[in-house]
Amino acid sequence: MDRHRARLAAAAVALLGAFAVWLVTTRVFPYYSINHDEAVYLQQAGMLLEGQLNLYPTVEDAFRPWFFVEDGDRLYPKYAPVPAAIFAVGMVLGAPEFALAGVAAGIVALSYGVASEVFDRPTGLLAAAFVVASPLFLVNTALFLPYAPTALLNLAFAYAYLRADRLDGLRWPAAAGIAVGLAFFSRPYTAVLFAAPFLAHACWTLWRARAAIRLRLERPRDAGWLPSALARQATTAAFGLGGVVATLAYNAAVTGAPTRFPYRAFGPRDGLGFGTRRLLGHEIQYTPELAVEANAAVLRVLFTEWVAGGVLGTALAVLGVVLVARRGVTGGRGFTARRAVLAGVFVSVAAGNVYFWGNYNILGNLTRADDGLIGAMGPHYHYDLLLPTAAFAARGAIGASRGLRDRVENRIAGALLAPRTARALVVAVLLVGAGTVGAASASLVAEPIEDNAGRTEVYERAYEPFAGGPPANAVVLLPDPYGDWLNHPFQALRNDPGFDGRTVYALDDHPFAVADAFPDRRLYRYTYRGFWAPSADSPEAAQLTRVRDVSGRAVVLDATLGVPAGASTTVRIESGDASALYVAENATDRLDLRMRIGPDAVRLSGDVRPFGNATIDPDGEVRLIVTVDRGPGYVFDYRLDVPVRTGESRVRALSPRVEQCFDVRTCGGSAAYVPERAPEGVSVRTNLSAT
């Protein structure tokens, strides 16, 4: 295959890979994945476009995004900015998804280039196709996570390094240094693991250069390559160290110390090493035994489910390694130094990841291969193993096909079959083999695609209130099911870096402070019904409601609540540690209530009479709870929470959070009253006013 035709074919495969990733990211992940780190990188990308390394929120504890470090009045992300900068390019082009398609095309093209450099063009072309058919490529490259962008930089380094090793000049060595420096800036440990075999190769070439010094003294012409080898490695090292310097400079800018990485500022016990590993509330003793067990499980999942063809593709890669080694033993062109470097990536990445507890975390339950993040997006910390697997699998497939052809034509054809029939038989066998691998790949990729598509259906319900676009000139108060974080889990609801976009999103923990910080914006509240568990088809509905902000000498909440036929009701009001109980009267199909909140007392009137004390003191939030009992198996609560702020002679309140809870565990954020989903006889109407 000539170079021009091979490059055209590789470009076609790269475009196919880009299109496939584009489809996955836009159709399967329009609201992003269950890995909430995507929002971190997209938030960071927006910051970079505004020239910001930090966020400066206007209200403390109301605007902290997921995985951002809090330092005084500023927030900064725990991750390095290189992947975010790549995603920012897509934003400049019109959509961040363009960046993912570009990364995908680059990975495929560079896989072709590296495999061609190490083997030949047909092997490179087949390796590129193997990458495109791998579920890990199709799923993980479609996410706004750092693994594919870092792999792109590692592949660029590998290609430039191999070109530099073969050609004269310093252009390719410089490109290799820049690429590995950026990869280090992106994910330092990932870059080191990938580059380790290349570093060994560089040391080997320098050792050869050293040995040639004596040769040059005797026969200068035989050692003329010495200066170029030394200059080549020095150039790569110099530009690579530039990436290290950039990393240290960034650390100093955001954390105040060059050697203090942001992720360590966020979690001092997070990262490399054995012993106690901790991130927020998650802590384990990461022993070497546990590390080996976890990483063995990750590798097993990778090579059986996330590479093209699964076990068949892995078998081809093993065959490729064996064929290359066998040719070396028999005197052929087997494991050259360049091929040994590529094979060495298997060892460095697999062994090095044992030292990183993240591989334990993505597994979830060690006894279930599809549990945890790995079931949804694959073993992403081992993304760099796609390259050597694809290259050696391609070599194995080509070697097997050539061996089959030789056996059929030389041994079988002459005795049993005509030459034309023999060739047709070979083609048929190869087509069946390719179809088998293709079918296996399609089956493997279908499972995570279907699983993630199922979660996307849940996200569509959850974000339905924003389907026509978020409200303009508004502040939306959000719940916090996973703690005091924005974008965890609501990745699609992100703020502009200056908190001045069309819509501002804030936690619903400090509503008055947020309202005061944005007096010219309308206030809304986002709520949902059901636990936030997309993998379990929940939540079932969501809504966006307008929030009124009223104040006066007293505040009155009028509420009309539906009462199903035959049900009895009890009512109570709570605030702080105080409560008052009421008995409902004349509640046949509805219950009319009026709750008056004054500076010193809260009292309920309407279709109720007090049982004991009738008033309580307001203390930050006033809660009205109506328990409806229609018999065994049909008991639920109406719950109306009114945020309140009291002064000496005035009261300020916001519209209540309204819930209808069949399960008491859902009360407090997961049981929003959604009229369209309410059972027969269940209804809520409220009005908040000041007097």
Side-chain angles (χ1 to χ4, degrees), residues 21 25 29 31-33 35-57 63-71 74-104 106-107 140-154 156 178-179 181-191 243 246-255 261-267 270 358 377 380-381 383 485-488 490-499 501 505:
V21 166
T25 192
F29 298 110
Y31 303 104
Y32 315 114
S33 70
N35 188 331
H36 300 155
D37 290 13
E38 287 190 83
V40 184
Y41 289 100
L42 290 171
Q43 182 79 68
Q44 192 174 16
M47 293 165 59
L48 294 176
L49 290 178
E50 296 293 329
Q52 296 180 213
L53 297 180
N54 304 288
L55 294 176
Y56 295 93
F63 293 101
R64 186 181 182 184
W66 174 237
F67 274 178
F68 268 62
V69 182
E70 188 173 30
D71 184 15
R74 69 187 180 106
L75 304 169
Y76 60 87
K78 64 173 283 191
Y79 295 124
V82 174
I86 293 174
F87 302 147
V89 173
M91 292 180 176
V92 171
L93 296 176
E97 290 80 8
F98 286 134
L100 298 181
V103 168
I107 286 174
N140 209 269
T141 313
L143 306 176
F144 292 100
L145 294 173
Y147 313 107
T150 305
L152 175 68
L153 296 171
N154 282 333
I178 293 172
L182 286 173
F184 183 89
F185 195 0
S186 177
R187 289 183 61 82
Y189 193 59
T190 299
T247 304
L248 299 179
Y250 177 78
N251 291 348
V254 296
T255 70
F261 286 80
Y263 79 91
R264 295 302 294 270
F266 185 91
D270 184 25
M377 58 196 63
H380 43 251
Y381 295 122
Y383 193 107
W485 307 98
L486 288 176
N487 315 133
H488 181 49
F490 310 112
Q491 297 195 83
L493 309 179
R494 297 189 308 277
N495 286 310
D496 286 356
F499 301 99
Y505 302 98

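Computed from a predicted structure; not experimentally measured. Count residues from 1 along the sequence.
- F490 CZ to W66 CH2: the interatomic distance, rounded to the nearest 0.5 Å, is 13.5 Å.
- In this structure, L75 CG and L53 CG are separated by 13.0 Å, a value rounded to the nearest 0.5 Å.
- In this view, D71 and R74 satisfy the salt bridge (Lys or Arg N to Asp or Glu O under 4.0 Å) rule, not counting sequence neighbours.
- Among F144, Y79, F98, the single residue meeting the ring-ring contact (aromatic ring centres under 6.0 Å, His included) criterion with F87 is F144.
- Residues P81 and F185 form a side-chain contact, since some pair of their non-hydrogen atoms from C-beta on lies under 4.5 Å apart.
- Counting all heavy atoms, side chain and backbone alike, L42 lies closest to P96 at CD2-CB, 4.1 Å.
- Within the model, atoms CG of L100 and OG1 of T25 stand 5.0 Å from one another, a figure rounded to the nearest 0.5 Å.
- G501 and D496 make their closest contact through CA-OD2, 3.1 Å (heavy atoms, listed as atom of the first residue, atom of the second, distance).
- The shortest non-hydrogen separation linking Q491 to S33 is NE2-O, 2.8 Å.
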| request: Would you check, one step at a time, whether the test side-chain contact (heavy atoms from CB on, under 4.5 Å) holds for L145 with N35? | output: CA-CA 9 Å; L145 294 173; N35 188 331; 3.8 Å; yes
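- In this structure, H36 and H488 have perpendicular ring planes: the angle between them is above 60°, well past the 30° mark.
- One distance of note links CG of L153 with CD1 of I86; it measures 5.0 Å at 0.5 Å rounding.
- Minimum interatomic distance between Q43 and N495 (heavy atoms only, all atoms of both residues): NE2-O, 2.9 Å.
- Minimum interatomic distance between A151 and Y383 (heavy atoms only, all atoms of both residues): CB-CD2, 3.4 Å.
- Contact record, N251 with P262: OD1-CD, 3.4 Å, taken as the closest heavy-atom pair.
- Ring centroid separation for the pair Y147 and Y381 comes in under the 6.0 Å cut-off.
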| message | Quick one, D270 with K78, criterion side-chain contact (heavy atoms from CB on, under 4.5 Å). Give me CA distance, side-chain angles, the key distance, then yes/no. | response | CA-CA 11 Å; D270 184 25; K78 64 173 283 191; 3.4 Å; yes
